[in-house]
Engineer: 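Questions regarding the structure given below will be posed in turn.
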Amino acid sequence: MNAVPATRPTPAIGTAPATAAGLSRDQALDIYYYLRLTRTLEERLVALYRQTKVIGGLYRSLGQEGESVATAYALERGRNKDILSPLIRNLGSLLVMGAKPVEILRQYMAKANSPTRGREQNVHFNDLEKGYLGQISHLGDMIPVMAGIALTFKLRREPRVGLVYIGDGGTSTGSFHEGLNFAAVQRLPMIIIGEYNHWAYSTPPEKQFAVKDLAEKAKGYGIPAVTVDGNDVFAVYEATKFAAERARRGKGVHFIEVKTYRRKGHAEHDDQHYVPAGEIDRWAAENDPVDRYVARLQEQGMAAPDDLTDIDDRIRVEVDQATDACVDEPLPEGESALPDVYVDPPAADKLWFRTL
Amino acid sequence: MNAVPATRPTPAIGTAPATAAGLSRDQALDIYYYLRLTRTLEERLVALYRQTKVIGGLYRSLGQEGESVATAYALERGRNKDILSPLIRNLGSLLVMGAKPVEILRQYMAKANSPTRGREQNVHFNDLEKGYLGQISHLGDMIPVMAGIALTFKLRREPRVGLVYIGDGGTSTGSFHEGLNFAAVQRLPMIIIGEYNHWAYSTPPEKQFAVKDLAEKAKGYGIPAVTVDGNDVFAVYEATKFAAERARRGKGVHFIEVKTYRRKGHAEHDDQHYVPAGEIDRWAAENDPVDRYVARLQEQGMAAPDDLTDIDDRIRVEVDQATDACVDEPLPEGESALPDVYVDPPAADKLWFRTL
Amino acid sequence: MAPPEITFLEALRQGLWEEMERDESVFILGEDVGLYGGAFKVTDGFAKRFGEARVIDTPISEAAIVGAAAGAAHMGMRPVAEMQFIDFISCAYDMLTNYVATARYRAGLSTPIVVRGPCGGYVRGGPFHSQNPEAAFFHTPGLKIVYPSTARDAKGLIKSSIRDPDPVLYLEHKWLYRRIKEQLPEGEEVLTPIGEARLAREGKDLSIVTYGATVWKSLEAAQLLEKEDQLSVEVLDLRTLLPLDDAAIMRSVQKTNKVLIVHEDTRTGGLAGEITARINEQAFEFLDGPIMRVTAHDVPLPYAPTLEDFVLPQTEDIVKAARWLANY
Amino acid sequence: MAPPEITFLEALRQGLWEEMERDESVFILGEDVGLYGGAFKVTDGFAKRFGEARVIDTPISEAAIVGAAAGAAHMGMRPVAEMQFIDFISCAYDMLTNYVATARYRAGLSTPIVVRGPCGGYVRGGPFHSQNPEAAFFHTPGLKIVYPSTARDAKGLIKSSIRDPDPVLYLEHKWLYRRIKEQLPEGEEVLTPIGEARLAREGKDLSIVTYGATVWKSLEAAQLLEKEDQLSVEVLDLRTLLPLDDAAIMRSVQKTNKVLIVHEDTRTGGLAGEITARINEQAFEFLDGPIMRVTAHDVPLPYAPTLEDFVLPQTEDIVKAARWLANY
Ligand SMILES: Cc1ncc(C[n+]2csc(CCOP(=O)(O)OP(=O)(O)O)c2C)c(N)n1
Ligand SMILES: Cc1ncc(C[n+]2csc(CCOP(=O)(O)OP(=O)(O)O)c2C)c(N)n1
Ligand SMILES: [Mg+2]
Ligand SMILES: [Mg+2]
């Protein structure tokens, strides 16, 4: 039998490895900055949502910030380095790759100045030079697309890596299967982050698949997989770093399952009545990725409380400024809906009844 | 780790288990009949193809008759018993389930009297009472459809089983993934036969997936799997029997990989120039499922040479008679293309220019 | 006492419920349809009443949902498959057009499934939560497509769809879900025949042929035109898109001699083309002016309210277009 | 010496080959396109010349093929994805309509991919090896669709499609592959502009608007009508289906005042509807008769020759329809 070896042991949830993953103090604080920024920015979005300034739905990553930030932080960033494709709950990944809070706010409020000029929502936007490619709503589709990006790295012999997220629910899609299998056969420099956050909307894992761990799915593709404690920032960082280096050396696709928990509903409107009583509180009290990270930093003497409150303060100012900068900006002009369907013709026809 | 146990050992190709799988002498001869009928009928089709009597392509199962016949034979047959869905190379399965040679001939020649009245080709036809559901060309689609049939068995608490075939190539489709995962989660009474016949058109397994055995794919779905020597009729029969009984007892989906070899091209026009020299001859000489079956029957004293030649003769007559019965039958009337798109309206409009 | 007004959504829910009560072979499958009751709560309470075996939460696998429904339908079941948003039906496009729709024709298989889901815009859903998929499936012999615009038809058509011996795509506009209310008769079974259009408003100067949310926008326009322009505008609600009710369309054209086709879907390749062709073929001599279209612009539907409003047809657009055509 | 005649298929092959030579970023992916050279041998010899890295045999995964092409295109590559038969593009319907076609509009992404494959009937392929998928994708802003009918355009359009900055669906009719032959100029680059129809035959009594295999059947009909009825029939080969060349269509209508639209695809929801609507909107006053359609019947395409011949439009049908319209 050709079993796929798990290249790293599976830590039990809540037990962090003993090292600080080779991160410098600056880096460790940098990570803290992104964790806190993600959470603060989302809290701001909630406030704006309640003021009906957010258009459409609001999707939270509360409790999952750790895996988003850590996976992105393990990549090479900068102009034309690694590329990732975030899902709605990977706001943290996007921020790490260099997306600006004001861009996120504009996207959620559909401002004319938003990266997509009001055409698409929330994290559905790109900057391929900085290294992120927004998703479309159809789950699974980004796996083949990222395979195409990683294929380009391989064809051009560039030492770059593509990273793509998929939810526990998203792994049920045909696109996930086709894209991952193609990437595995081609031994592409690609990392899949399987986010086991216990829910797909209201659907629990046992109604989504018949294996216990997402990592088991990797066995059908002949690629190595590892299950890590997704709320342990260091563990996720290390696993991703390992997978990225492996991919960069031409060793192919790596699957990383992060066990975490979606503490908010699917979107803000979801009252989570289907969640067993106490489960959310337990995760919040015992297994919050930011709390755990802070505890680790302090344990290891990598940050004094002051360092962290300084960062918190900086972030508050930053988010305030970002909000002030865009909250009163206009929505796009209606007619700006017409251009750029194609390069040529440059704009869709304005229909006859609008010219009467 | 939640590894899926292989419920049966993997025999090396060419080594058959020692038992005769609990088959009676009559059953053993019955199986021989279907093996030989499949091969003879296909040879007749080749002759008709060369006479340009076959419309469109001709797809052979030469070298794979064993697994088709054995898997079907392990099911419960008769009115409203088990149901299977054959692929183009499962002519043998169809015959076992009760499809008549003359029906196959008519299908291939697109006769008015064919089961699909000339609307569809080769094995693309059904008799759900007898227990077979023809495929459509789009690979993978029959997996979810069979899941729906098995779901019905489960909902109605009927002790019936659905069996569906998929090629080594077909496992790469999104539909395969979605259907199998759904069936696994629902613990449906379903068997998947994964046909590892070394080719998907011209594509070898190593370009199709990055695992060695198809059975490894089952691990991602949390279902048991076994790899059997697909050219050993007894082994395939036993494995299917085991899986069917397990499914009937409510234990869910079972995946059976049959290792075999497609000795002819994808279709008759394919010259197989991509096949390594000698490979086909080697399989023909050393590992023909019919030859091996005959040897086993004789070894075990289950058949005298006369028994077999009697059957061969009977089949020759049968196939001759079937051919004579239909070869000169008319094609369907053009206008018979219109009815039965829906129940209501009963026929598509005849277009205006045809009434001028 | 008069029966209470119920919403479009509640009417749909009732129809589904009644069919589940009536016929044991009816069952529901889809994402989050069970305990959660569906993203829009169409199946709220169903799992409790009918059990999880008949209200099946599936993995996120639209092709499997439609394919499994087909398999069950072959065996005599009457599955109702929910797409969480109809936009995701694109993932089952192959299964629905190639497998399901052709099954009777190519192989004599009975496949009475209903695939239903929330569609349509005007709700700031962006490009992937606002689609109108009818054009993509309109080109599929073997499939039926219904698209109710009233609460009565929401109920009447879901019931007829479930009973229909062939596969039906049932489109429910989410802008209508809670906006449209109606009293439905009590103690009488509401069934809307598939294949029959509904004369939503009689008129004699001009016909508006439409369906879905734009029925309401067309009715609004008609009222306004009556008041401001003394124009008598007829509004035909197609209700069934496939097969089209040619007779009803031609009756209206022969009466008013001018036709405006209104749909929310984009212009190019939208249903208005086919309807235009049919009128042109069957009633050319009755036309006193070109058949004109009011549709969405040919772009993916953008997210910002200003953009969405610009792209989608509005009541005012219908008014202006009708005026132009009346003066032709 | 005159250049030799080459087939439609060979012209396509040459076009692909030249673009692979010209531009390193062009690569091919699909099922059996490598060593085997593709089911119809369009890429025969390519793997040998350009290497397996640029001629990639993929698993049977149409969504992955199109999705991976898109990802590579974002990075500056120019992928050409082959569907073994175009019928299997239905498995990539979501990826192509939702991901690829909207990419520029929604997110400013450049996605210059070509998806190509053998389409069309008249070859006894049955319901799943004969499809014409244009109608399903015609309703997709952001996608272009080309459909050559001559060897020259087979070459000219594949080259233009590869160079186009937007995604192009390139449809090649397998009935034309080896049936159509033409001399192509040597030493001159053959490029057919996307978006321009071709006047395949000039005439003044009646216009036939068509594309693909039925261009040839229409030309045959036109000849016959000239000979037997002294009718002067114009034949317009659309070549690009999306975006449509409205100007060329209207020019022809304004000249002949009568239009027959011919396509191999089924009637309902086929492209003829949209073309009819456009003519009706833009040239209503020029019409001396209804715009009529010659199309396939509204059924899945059956397999038996007698059935296929009945269902698909034939030269004789075009002749009869044109006669009827000329006498209108
Ligand atoms: C193909 C497809 N089907 C259905 C949906 C609707 N939908 C949006 S999010 C969601 C649940 C996703 O769950 P998961 O993948 O676990 O991600 P999570 O929300 O937990 O981050 C569903 C069903 C979709 N977006 N795409
Ligand atoms: C979705 C889909 N894509 C492509 C094809 C074209 N095709 C027909 S058979 C075949 C190879 C199938 O290989 P495999 O599944 O191994 O079955 P085998 O022919 O070996 O029995 C291909 C690519 C198809 N039928 N369906
Ligand atoms: Mg999840
Ligand atoms: Mg194979």
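Numbered from 1 within each chain, the chains take letters A, B, ... in sequence-line order. Worth saying up front: this structure is predicted, and the values here are computed from it rather than measured. Note that these values count all heavy atoms, side chains included, but never hydrogens, waters or copies made by symmetry.
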Engineer: Hey, are B/Gln107 and B/Ser114 close enough side-chain-wise for a donor-acceptor pair under 3.5 Å?
Structural biologist: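 A pair is found: one side chain offers a donor N or O, the other an acceptor, under 3.5 Å apart.
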
Engineer: Is D/Lys258 paired with D/Asp288 through a side-chain N to carboxylate O contact shorter than 4.0 Å?
Structural biologist: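 Salt bridge absent between D/Asp288 and D/Lys258.
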
Engineer: So which part of D/Asp309 gets closer than 4.5 Å to some heavy atom of chain B, the side chain, the backbone, both or neither?
Structural biologist: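 Contact with chain B is through the backbone of D/Asp309 alone.
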
Engineer: Can you tell which part of B/Glu335 gets under 4.5 Å to a heavy atom of chain D, answering side chain, backbone, both or neither?
Structural biologist: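 Answer is both: backbone and side chain atoms of B/Glu335 are under 4.5 Å from chain D.
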
Engineer: Tell me which of these, D/Arg293, D/Glu308, D/Glu316, has more heavy-atom pairs under 4.5 Å with chain B than the rest.
Structural biologist: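 When all of D/Arg293, D/Glu308, D/Glu316 are compared, D/Arg293 has the most.
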
Engineer: If the threshold is 4.0 Å, N to carboxylate O, is there a salt bridge linking B/Glu329 and B/Arg106?
Structural biologist: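 Looking at B/Arg106 together with B/Glu329, the answer is yes, because their closest N to O distance falls below 4.0 Å.
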
Engineer: Ring centroid separation for D/Trp216 and D/Trp175, is it under 6.0 angstrom?
Structural biologist: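 Not close enough - the centres of the two rings lie 6.0 Å or further apart.
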
Engineer: Between B/Arg262 (side chain) and B/Tyr201 (backbone), is there a donor-acceptor pair under 3.5 Å?
Structural biologist: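 Checking the backbone N and O of B/Tyr201 against the side chain of B/Arg262, a donor-acceptor pair under 3.5 Å is found.
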
Engineer: Could you tell me whether the side chains of D/Tyr211 and D/Glu134 share a donor-acceptor contact shorter than 3.5 Å?
Structural biologist: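 There is such a pair (donor and acceptor under 3.5 Å, judged by atom type) between the side chains of D/Tyr211 and D/Glu134.
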
Engineer: Most heavy-atom pairs under 4.5 angstrom with chain B, which of D/Thr58, D/Thr295, D/Ile56?
Structural biologist: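 Top count of heavy-atom pairs under 4.5 Å with chain B: D/Thr295.
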
Engineer: Side chain, backbone, both or neither: which part of D/Ala63 has a heavy atom under 4.5 Å from chain B?
Structural biologist: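 The answer is neither part of D/Ala63.
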
Engineer: Quick check on the interface: out of D/Asp298, D/Val299, D/Asp317, who has the most heavy-atom pairs with chain B under 4.5 Å?
Structural biologist: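 Of the options given, most contacts go to D/Asp317.
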
Engineer: Of the listed residues (D/Leu35, D/Val311, D/Ile318, D/Val123), which shares the most heavy-atom pairs with chain B below a 4.5 Å separation?
Structural biologist: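 Winner by heavy-atom pair count: D/Leu35.
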
Engineer: Of the backbone (N, CA, C, O) and the side chain (C-beta and beyond), which part of D/Thr268 lies under 4.5 Å from a heavy atom of chain B, both, or neither?
Structural biologist: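 Interface part for D/Thr268: neither.
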
Engineer: Using non-hydrogen atoms only, which part of B/Asp141 is less than 4.5 Å away from chain D: side chain, backbone, both, or neither?
Structural biologist: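 No part of B/Asp141 comes within 4.5 Å of chain D.
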
Engineer: With a 4.5 angstrom heavy-atom cut-off, could you sort out which part of D/Ala296 is near chain B: side chain, backbone, both or neither?
Structural biologist: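 Looking at D/Ala296, just its backbone touches chain B.
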
Engineer: Look at B/Ala112, B/Gly57, B/Ala337, B/Gly170 and state which one has the largest set of heavy-atom pairs under 4.5 Å with chain D.
Structural biologist: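 Option with the top pair count is B/Ala337.
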
Engineer: Measuring from D/Ile60:CD1 to D/Ile65:CD1, what's the distance to the nearest 0.5 Å?
Structural biologist: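 Here the interatomic distance stands at 9.0 Å.
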
Engineer: For B/Thr260, does its backbone N or O pair with a side-chain atom of B/Trp283 as donor and acceptor, under 3.5 Å?
Structural biologist: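 Here the side-chain-to-backbone pair does not exist.
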
Engineer: Enter the distance from B/Gln135:CD to B/Asn122:CG here, rounded to the nearest 0.5 Å.
Structural biologist: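 With rounding to 0.5 Å, CD (B/Gln135) is 7.0 Å from CG (B/Asn122).
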
Engineer: Is B/Leu139 close to chain D through its backbone or its side chain, or both, or neither, when contacts mean heavy atoms under 4.5 Å?
Structural biologist: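 For B/Leu139, the contact with chain D is made by the side chain alone.
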
Engineer: Where does D/Arg323 contact chain B at under 4.5 Å (heavy atoms): side chain, backbone, both or neither?
Structural biologist: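 For D/Arg323, neither part sits under 4.5 Å from chain B.
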
Engineer: Is the shortest distance from a Lys or Arg side-chain nitrogen in B/Asp213 or B/Lys259 to a carboxylate oxygen in the other one below 4.0 Å?
Structural biologist: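 Yes, this pair counts.
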
Engineer: Is B/Lys350 in contact with chain D via its backbone, its side chain, both, or neither, using a 4.5 Å heavy-atom distance?
Structural biologist: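 Both backbone and side chain.
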
Engineer: Pairing donors with acceptors under 3.5 angstrom, does anything connect the side chains of B/His198 and B/Glu279?
Structural biologist: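 The criterion, which ignores hydrogens and geometry beyond distance, is not satisfied for B/Glu279 and B/His198.
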
Engineer: Between B/His273 and chain D, which part of the residue has a heavy atom less than 4.5 Å away: side chain, backbone, both or neither?
Structural biologist: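 The side chain, not the backbone.
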
Engineer: Is it the case that B/Thr323 and B/Arg44 place a side-chain donor and acceptor less than 3.5 Å from each other?
Structural biologist: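 Note: B/Thr323 and B/Arg44 side chains meet the donor-acceptor criterion.
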
Engineer: If you tally heavy-atom pairs under 4.5 Å against chain B, which of D/His129, D/Arg124, D/Glu31 wins?
Structural biologist: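 Between D/His129, D/Arg124, D/Glu31, the count favours D/His129.
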
Engineer: With a 4.5 angstrom heavy-atom cut-off, which part of D/Glu62 approaches chain B: side chain, backbone, both or neither?
Structural biologist: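 D/Glu62 has no heavy atom closer than 4.5 Å to chain B.
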
Engineer: Is it the backbone or the side chain of B/Asp349 that comes under 4.5 Å from a heavy atom of chain D, or both, or neither?
Structural biologist: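 The answer is both parts of B/Asp349.
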
Engineer: Heavy atoms only, distances under 4.5 angstrom: which of B/Pro330, B/Ser202, B/Ala200, B/Gly174 has the most pairs with chain D? Name it, please.
Structural biologist: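 Sorted descending by pairs with chain D, the first entry is B/Ser202.
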
Engineer: Based on non-hydrogen pairs under 4.5 Å, which of B/Ser137, B/Ala348, B/Ala110, B/Gly56 is most in contact with chain D?
Structural biologist: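 The answer is B/Ser137.
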
Engineer: Counting heavy-atom pairs closer than 4.5 Å to chain B, which one of D/Pro313, D/Ala39, D/Cys91, D/Pro300 comes out on top?
Structural biologist: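 Option with the top pair count is D/Ala39.
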
Engineer: Would a line drawn from the ring center of D/Phe137 to the ring center of D/Tyr93 be shorter than 6.0 Å?
Structural biologist: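 They qualify: ring centres under 6.0 Å apart.
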
